[in-house]
Trainee: 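Just dropping this structure here.
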Amino acid sequence: MQRHKMTLGQVFNFKDPNARTRCILIISVALEAMINYITTGVFWTEFLRGYHMQPEEIGILAFSPFIAGLFVIFAPSLLTRFKKRRFVLAACKIMYYVCSIFALTLLPRLVTDATTLLICMSVLQFIAYVFNIIAVSGYAAWHVKFLPERMRAHYMTFNQFSAAILPGLLIMVAAVYADKLAAMPSDQLVFLEWVRHFGFLLGVLDVVLLSLPREVDYPVIHTPKFRDIITVPLSNKKYMLVMIVVFAWQFSLYCHNTFLQVYLMDTIGITYFLYCFIIFVYPFFFPFSMKFWQNRIAKTSWLRAFAIALLIESPLQLVYALIRPDLAPWMLVTMLLCIRLPQ
């Protein structure tokens, strides 16, 4: 019940050291959302299309981060070797931004053969996400100390809001300019490259912010045997049922993501502005649902609230099948909002 009495002023302020750290983390969240919006999604897809990559090649590139995700099981055993991890995590995070943004932006200008370019970009993305997995695992163990359970629901709600408003304004500006250059593909490509370079600079600032909180004592983790990593989860029925739900959620979001962006931009012909507008408006609906989800979490659990959200959102993915080039603009916007807002 104490969770309901928390206010944003208690969660975020500059008087209490822990609250000040949460302010830093929220700023970092907004920065990472900005970076994500302008270096992935439609901006990334159209950047690759500018270098004549086909949808199936873009799909191959989108698959490499998932392979890198398998290395998450080795992150704890690597990080336990360091009693202080600030500089190790900063190095991993900066390498992630170097490989995934800076190097991937320059590579198409240096490598002209399509097959070689696809291989090099896939390898770079794989390396980048291995670094990011280590960094994310380490930062989570470090920063979770500043997020006590009684504040977590309020923090996560404001987290989502801050990760959408400011980044949303940024991508709206970028989208307007990208649409103005639609008749000049070469100029538009140069603009997308400069947008990615700006994202890299934001990444450097993000690393600085993530390194500011004071380090805490990390829990001692005994490295499990590799066999146990496979067999122990498989023997836990409740855990496996949860993972099946999570897998279904991830599959519904990512299996069609790359092809969907190409389809919406190239076949349906929606503009950058419309695509980004759909992303921008949905945080304004947070206040209408925030209290409901906080109450559900308080009365049940995070997992049950997640299950309810899945039941609401997953069927709406089928609406994509109804989107056609001959739809009226108002109907297209309505359908996209129906898909996006429940997320």
Side-chain angles (χ1 to χ4, degrees), residues 18 21-22 24-33 35-36 39-40 62-101 123-149 151-152 155-156 159-160 163 200 202-234 236 239-240 242-243 245-247 249-250 253-254 302-303 306:
N18 289 345
T21 296
R22 289 189 286 272
I24 293 172
L25 296 181
I26 281 293
I27 296 172
S28 172
V29 165
L31 278 178
E32 290 189 0
I35 297 165
N36 184 60
T39 61
T40 64
F63 186 63
S64 58
F66 291 97
I67 302 176
L70 297 174
F71 284 78
V72 71
I73 61 177
F74 301 109
S77 59
L78 174 64
L79 292 172
T80 52
R81 299 173 185 270
F82 303 95
K83 295 185 68 175
K84 296 296 181 181
R85 304 173 187 174
R86 186 190 307 271
F87 296 109
V88 174
L89 297 178
C92 288
K93 195 69 175 179
I94 200 71
M95 284 303 299
Y96 163 69
Y97 287 128
V98 168
C99 294
S100 67
I101 302 178
V123 171
L124 263 179
Q125 271 210 322
F126 175 81
I127 294 172
Y129 278 85
V130 169
F131 277 118
N132 194 46
I133 285 166
I134 298 171
V136 169
S137 300
Y139 283 127
W142 175 3
H143 296 154
V144 74
K145 299 290 186 179
F146 304 101
L147 302 174
E149 179 64 28
M151 297 181 177
R152 206 160 292 174
Y155 175 85
M156 293 303 295
N159 182 325
Q160 290 180 304
F200 175 71
L202 292 179
V204 174
L205 179 58
D206 179 47
V207 174
V208 173
L209 287 176
L210 288 171
S211 302
L212 290 179
R214 58 181 176 83
E215 281 203 270
V216 296
D217 293 328
Y218 299 101
V220 178
I221 300 176
H222 299 287
T223 305
K225 296 179 181 178
F226 182 77
R227 182 186 62 186
D228 293 339
I229 294 173
I230 305 298
T231 58
V232 172
L234 289 174
N236 189 318
Y239 175 81
M240 290 306 299
V242 172
M243 287 300 101
V245 173
V246 173
F247 170 78
W249 168 258
Q250 294 287 337
L253 287 181
Y254 294 112
W302 284 92
L303 183 59
F306 179 57

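FYI, the numbering just counts along the sequence from 1.
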Trainee: Taking side chain as C-beta onward, heavy atoms only, is L89 less than 4.5 Å from V207?
Mentor: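 No; the side chains remain at least 4.5 Å from each other.
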Trainee: Answer whether the closest heavy-atom distance between the side chains of Q125 and P65 falls below 4.5 Å.
Mentor: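 Heavy-atom side-chain distance check passes, below 4.5 Å.
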Trainee: Could you grab the distance from atom OG of S100 to atom CE of M95, nearest 0.5 Å is fine?
Mentor: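 Output value for this atom pair is 10.0 Å.
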Trainee: So, for Y96 and A128, which heavy atoms are closest and what is the spacing to 0.1 Å?
Mentor: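 Nearest heavy atoms, Y96 then A128: CD1-O, 3.2 Å.
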Trainee: Going by distance alone, is a donor N or O of one side chain under 3.5 Å from an acceptor N or O of the other, for D206 and Y97?
Mentor: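 Per modelled atom types, D206 and Y97 side chains form a pair under 3.5 Å.
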Trainee: Would you give the length of the straight line joining atom CG of L210 to atom CG of L25, rounded to the nearest 0.5 angstrom?
Mentor: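 One gets 7.5 Å once the value is rounded to the nearest 0.5 Å.
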Trainee: So, R86 side chain and P213 main chain: donor-acceptor pair closer than 3.5 Å or not?
Mentor: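 Indeed, once roles are kept as given, a pair shorter than 3.5 Å links the two residues.
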Trainee: Report yes if some heavy atom in the side chain of Y139 is under 4.5 Å from a heavy atom in the side chain of K93; otherwise report no.
Mentor: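 Yes, their side chains come closer than 4.5 Å.
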Trainee: Can you check whether I133's main-chain N or O pairs, donor with acceptor, with S137's side chain at less than 3.5 Å?
Mentor: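 Confirmed, S137 side chain pairs with I133 backbone.
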Trainee: For the CG atom of L202 and the CD1 atom of I101, what is their distance to the nearest 0.5 Å?
Mentor: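 One finds 8.5 Å between CG of L202 and CD1 of I101.
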Trainee: Mind checking the CZ-CD1 spacing from F200 to I35? Nearest 0.5 Å is all I need.
Mentor: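 The distance works out to 10.0 Å.
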Trainee: Any idea which heavy atoms bring I134 and C92 closest together, and the distance?
Mentor: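 Residues I134 and C92, closest heavy atoms: CG2-SG, 3.8 Å.
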Trainee: About how many Å separate CG of L205 and CD1 of I27, when rounded to the nearest 0.5 Å?
Mentor: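 Interatomic distance, I27 CD1 to L205 CG, rounded to 0.5 Å: 9.0 Å.
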Trainee: Just to verify, what does I127 make a side-chain contact (heavy atoms from CB on, under 4.5 Å) with, not counting sequence neighbours?
Mentor: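 Checked I127 against side-chain contact (heavy atoms from CB on, under 4.5 Å); matches are C99, V123, F131.
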